[in-house]
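FYI, side chains are in, hydrogens and waters are out, and symmetry mates aren't considered; it's all heavy atoms of this structure.
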Amino acid sequence: MEDLSQTRILGVRVDKVTKAQALKAFRGMLDSPGCSLIVTPNAEIVEKADKTPALKSVIEGADLVIPDGIGLVYASRLKGDPIGERLAGIDFARAALEICASEGRSVYFLGSKPGVAEKAAANVAAEIPGLLIAGARDGYFKPSEEAQVVADINASGAAFLCCALGSPKQEFFIADHRSELKTAAAAGLGGSFDVWSGEVTRAPAFWQEHGLEWLYRMVRQPSRLKRLPALPLFIIKAAIRR
Ligand code: UDP
């Protein structure tokens, strides 16, 4: 696989990838041995990783670290080591699903509240011709059920595991079971199933294109408003710290 250029924000690895490069890397993963790990950090996850060495090391050992947040782009610019563009994990995943469909590789949706993964899978399958859904299940299982969850994913024959358990649960789940997982790739995708299922509406294109998706989410979900001061503080902290 091609070596991707990287930067570090608060010491946490982030790859400087365009969408085309990320998808090329994904294609390579489908034909590489073992289960490749894709993570999609935003500012909040990078802050979490800064305080949680185990998460930081999972991100460090991933095969692809996609810059999911505009905060990462601004922080990298201020540091003088710019990430070219934000690549939303959900946009990457959607394009990766198209690749799976075109190659006849099936996918498994794991995560979100009961019924949401199934609905998300049905909706994207209706939009992407030829997409094969190998299986889907919710993300509210007990630690004692994890072995069975992994067995179900493996039995499904899926090549790509879309894992939407929230962070850091999804990153730890994939990292903990990476050696047993028979999928060619697994990605942590946060709230993507909530969007694909129609439970949550994404910001209109204007907000996305102007780096304001985070603001739209706060306006729509006022419980997120308490995080409002966090983004500028993150950018300043990340720019100052080498
Ligand atoms: N989620 C899950 N299992 C859990 C906790 C969360 O499947 O134990 C799902 C949740 O239903 C949602 C997704 O993970 O669909 C992302 O959750 P949230 O928005 O809270 O996390 P974030 O992506 O902001 O870290």
Using the rule that two of Ile, Leu, Val, Met, Phe, Trp, Tyr join whenever any of their side-chain heavy atoms come within less than 4.5 Å, decide whether Leu78 and Val46 are in one cluster. yes
Do Trp196 and Val116 touch side chain to side chain, with heavy atoms closer than 4.5 Å? no
For the pair Asp63 (side chain) and Leu37 (backbone), establish whether a donor and an acceptor sit closer than 3.5 Å, ignoring hydrogens and angles. yes
Verify, without hydrogens or angle tests, whether Thr183 (side chain) and Ala186 (backbone) share a donor-acceptor contact under 3.5 angstrom. no
Return yes if some donor-acceptor pair links the side-chain N/O of Gln148 with the main-chain N/O of Glu145 below 3.5 Å, else return no. no
How long is the span from the OG atom in Ser112 to the CG atom in Leu165, to the nearest 0.5 Å? 8.0 Å
State, without any angle test, whether Asp81 and Ser76 hold a side-chain donor-acceptor pair at a distance under 3.5 Å. no
Taking the ring centre of each residue, are Phe160 and Tyr108 less than 6.0 Å apart? no
Nearest-0.5 Å distance that lies between atom CZ in Arg224 and atom CG in Leu215: 12.5 Å
Are Phe206 and Tyr216 close enough that their ring centres sit under 6.0 Å apart? no
Does Val200 offer a backbone N or O that forms a donor-acceptor pair with the side chain of Asp194 under 3.5 Å? no
Can any side-chain N or O of Arg105 pair as donor or acceptor with the backbone N or O of Ala158 at less than 3.5 Å? no
Taking the side chain from Gln208 and the backbone from Ala203, do they hold a donor-acceptor pair closer than 3.5 Å? yes
To the nearest 0.5 Å, what is the distance between CZ on Arg8 and CD on Gln6? 5.0 Å
Looking at Thr52 and Ala49, would you say the former's side chain and the latter's main chain have a donor-acceptor pair under 3.5 Å? no
Test item: Ser5 side-chain N/O and Lys16 main-chain N/O as donor-acceptor pair under 3.5 Å: no
Whether the side chain of Asp15 engages the backbone of Val65 through a donor-acceptor N/O pair (distance < 3.5 Å, no angle test) should be reported. yes
Side-chain donor or acceptor of Glu60 paired with backbone N/O of Lys56 under 3.5 Å: no
